[in-house]
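Chain letters run A, B, ... following the sequence lines, proteins first and then strands; every chain starts at 1.
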Amino acid sequence: MASSENSATLLYLYFGFARTVLLISSCNSFGIETVLYFTMLFYAICPYIICGKNIKWHGFSNVHWADVAAEQLMKKGEKHVLATAITPSGPIHVGNLREVITTEAVYRALKDRGAKAELIFIADTFDPLRKVYPFLPEKYEKYVGKPLAEIPCPCGEHENYAEHFLQPFIHVMDELGIKPKIYRAYEIYKEGRYNEAIKIALDNADKIKAIIEKISGRDLPEKWMPFNVKCEKCGKLKGEIYEYDYPFAKYRCSCGYEGSVDLRKGGIGKFPWRIDWPARWKIFGVTFEAFGKDHAASGSSWDTGKEIAKQVFKYEPPMPLVYEFIHLKGKGAMHGSTGVAIAASEAIKILPSEVLRFLFMKYEPNRHIEFDTGFSLLDLIDEYDRYERIYFGMEEKIAGMKDEKRVYELSQPYGIVSKSPIKISYRHLAIVAQIAKDFDEAIEIIKRKIELKDYDETRLKERYEKIIYWLKNYAPEEIKFEVKEELPELKLKNDEKKFLIELEKNFDGIEWDAEKIHATIHESAKKSQISAKKAFQLIYMLFIGKDRGPRAGYFLQSLGKDFVMKRIREAYQS
RNA sequence: GGGCUCGUAGCUCAGCUAGGUAGAGCAUCUGGCUUUUAACCAGAUGGCCGGGGGUUCGAAUCCCCCCGAGCCCGCCA
């Protein structure tokens with residue numbers, strides 16, 4: 001396959017050559033023999049120029065981005081620590097999800113290459129609460145500035161504020177098959193694992209200050225120190241060090257309190273982000289980290305972080321991978337604080353976990369992703385199914401697909417399924433789910449046309465539940481239908497009236513059964529000489545005010561005979 | 001002002017690393033299916049590849065300039 005692509009390329013080269021010869025001979029202007037000679041020479045050596053030393057006859061490979069990153073890491077060594085970090089200051093959204101899904105994909109790619117890799121997740125639970133977010137009660141004002149891990153849980157059911165937002169996210173990671181070693185910054189500080197870094201940073205305060213001022217262009221206060229003490233009186237991370245004499249530091253808090261701390265004790269304060277980041281690289285031996293483009297802007301924390309790592313902590317910065325933000329369709333980038341966000345725990349309720357992974361796998365990290373909870377959601381799921389069929393050889397790859405098998409593999413939360421389940425178009429399922437009372441009835445409806453095995457039913461169950469949730473909370477009105485309480489306004493032509501009268505007459509004598517109803521509609525249409533298409537359109541108009549709808553027989557059956565007969569009468573009498 | 005990303009069919013995007021006849025899905029339209037589960041099957045319509053220059057026999061692809069869109073650049077993360 002790939003080598004035939006190569007042959008095709010060579011063919012093109014020679015076609016081009018032939019065209020050139022024709023062109024030149026038709027022009028027949030000057031030095032034609034010389035031109036021909038060089039042209040031929042060029043094309044003769046062209047394949048070698050193109051492929052060079054690395055002639056890859058199975059080449060033209062398009063390698064998945066996760067594999068590209070893994071390959072680069074393998075060149076550096078076979079032991080890696082891949083870090084992800086999120087601050088649980090509010091609901092953790094789909095945008096944050098990219099952080100862990102992207103990193104985990106590289107982690108898997110490394111594992112596939114036999115590397116020793118570790119995936120870690122650091123929850124920044126020691127960060128202070130920045131402000132009273134819209135989703136918080138007013139009384140949280142008094143906690144602003146305190147560490148997230150020391151603030152009460154908003155719902156009262158979790159250990160603290162940080163856990164309240166962290167737990168649902170950990171659950172989502174689990175559903176996605178992402179199982180990192182989880183650390184909480186609050187504990188790490190408390191256990192003293194930062195202590196050495198704190199001493200190094202404070203000893204090198206001037207150096208750090210110079211790096212930040214030079215690279216970010218900021219002006220820091222003259223006596224700036226790269227560490228915030230947690231005030232012993234108010235508990236906020238607002239203590240500024242004004243006198244440093246290891247192991248003690250005297251600080252002044254914004255609340256007015258002045259005190260002194262022993263820096264050898266854990267958890268007495270915290271680094272600002274720009275120092276925290278490089279410090280943690282060294283503490284955990286991080287060799288790879290993916291981060292959002294906000295960190296990557298010039299002069300931002302990546303620029304200062306890598307210098308601080310090298311010059312102060314004497315640590316080689318990890319390999320970076322910058323990812324773009326997730327946009328909510330039509331509303332811009334997701335941001336917890338602006339409210340433009342879909343919580344990760346919400347996304348997993350409307351999308352099967354493998355499809356949620358798929359969304360991140362199929363785009364390169366540097367592309368922004370439009371997350372749409374509307375119709376595109378259905379297309380996304382159907383697209384995933386197509387990848388699955390291709391993976392199992394049930395369908396041919398279509399043009400425009402990239403690394404389709406690898407994308408599919410990396411989308412699996414828990415390994416490749418043993419066989420491809422029967423595919424029901426998701427759009428179709430959305431209709432069936434609206435006709436059926438419950439899952440069992442939905443299965444019955446589907447089984448009328450398609451044979452299902454137990455295995456397929458199990459797979460469908462998850463999708464059914466998710467689509468029900470979606471229909472209830474996100475689906476656009478166009479896909480929903482409901483039976484009109486009143487007869488919609490209609491202008492019936494004579495033949496249409498005739499059809500309805502005929503229909504009523506025929507319905508009267510039959511058993512109220514889907515198949516019979518359906519047959520009767522066809523018969524009546526024939527008798528009154530209107531097309532079946534028109535007949536069905538008319539029926540849909542009568543009951544749901546649209547010219548299309550769910551399969552008529554079953555639909556009318558579920559509405560009940562009395563209701564249907566009454567509506568038909570009303571229609572032709574109007 | 002600095003940085004990153006993007007601009008290809010109505011929409012969502014492949015194709016660009018390594019130049020060789022412009023692609024897919026969805027949407028739309030037409031036809032088929034004498035059962036319409038908004039299904040399924042077949043076909044069609046649809047693009048000066050953002051604009052301009054350059055390199056080349058040949059540019060969506062490489063180089064330069066411009067235009068437009070989005071995001072990031074105090075602190076915090």
Would you mind classifying the nucleic acid contact of A:Lys238 as base, sugar-phosphate or nothing, using non-hydrogen atoms under 4.0 angstrom?
-> nothing
May I ask you to say what A:Asp276 touches in the nucleic acid, namely base, sugar-phosphate or nothing, with a heavy-atom cut-off under 4.0 Å?
-> nothing
Taking all non-hydrogen atoms of both residues, which atom of A:Ile212 and which atom of A:Trp224 are closest, and how far apart?
-> CD1-CH2, 3.9 Å
For A:His522, report the nucleic acid contact type (base, sugar-phosphate, nothing); a contact means any heavy atom under 4.0 Å.
-> sugar-phosphate
Among B:U35, B:G2, B:C76, the one nearest any side-chain atom of A:Arg130 is B:C76
A:Arg184 bridged to A:Asp124 by N-O distance under 4.0 Å | no
Between B:C6, B:A77, B:C72, which nucleotide has the shortest distance from any of its atoms to the side chain of A:Ala297?
-> B:C72
Between B:C13 and B:U56 - C1' atom distance, rounded Å = 30 Å
Choosing from B:G2, B:C76, B:C71, which nucleotide comes nearest the side chain of A:Lys293?
-> B:C71
Side-chain contact check for A:Tyr363: nearest option of B:A77, B:G70, B:C13 is B:C13
Listed nucleotide nearest any side-chain atom of A:Glu324, set B:G25, B:G70, B:U35 | B:G70
Could you check A:Ala296 against A:Ser301 and say which one's nearest nucleotide on RNA chain B is further toward the 5' end?
-> A:Ala296
Nearest-nucleotide 5' precedence on RNA chain B, A:Leu429 against A:Arg367 = A:Arg367
The nucleotide from B:C6, B:U34, B:A77 with an atom nearest the side chain of A:Trp273 is B:A77
Among B:A77, B:U36, B:C76, find the nucleotide with the atom closest to the side chain of A:Asp124.
-> B:A77
If we ignore angles and hydrogens, is there a donor and acceptor under 3.5 Å between the side chains of A:Glu150 and A:Tyr143?
-> no
Does A:Lys405 reach the side chain of A:Tyr387, with side-chain heavy atoms less than 4.5 Å apart?
-> no
Spacing of the P atoms in B:A60 and B:G23 (rounded, Å) = 13 Å
Any A:Lys270 side-chain nitrogen or oxygen under 4.0 Å from OP1 or OP2 of B:A77 = yes
In terms of side-chain heavy atoms of A:Asp127, which of B:C6, B:A77, B:G70 is nearest?
-> B:A77
On the 0 to 90° scale, with breaks at 30° and 60°, tag the A:Phe126-A:Tyr186 ring pair as parallel, tilted or perpendicular.
-> perpendicular
Expressed as a whole number of Å, how far does the C1' atom of B:U5 sit from that of B:A44?
-> 36 Å
Does A:Tyr194 have its ring centroid less than 6.0 Å away from the ring centroid of A:Phe227?
-> no
B:A14 and B:C62: how far apart are their P atoms, nearest whole angstrom?
-> 15 Å
Pair assignment for B:A44, Watson-Crick or G-U wobble, requiring both distances under 3.5 Å | B:U28
Between B:G25 (C1') and A:Ile390 (CD1): distance, integer Å | 11 Å
P spacing across the pair B:G58 / B:C11, given as an integer number of angstrom = 33 Å
Between atom CZ in A:Phe165 and atom C1' in B:A77, what is the gap in whole Å?
-> 16 Å
If you check every side-chain atom of A:His295, which of B:G2, B:G25, B:A77 has the closest atom?
-> B:A77
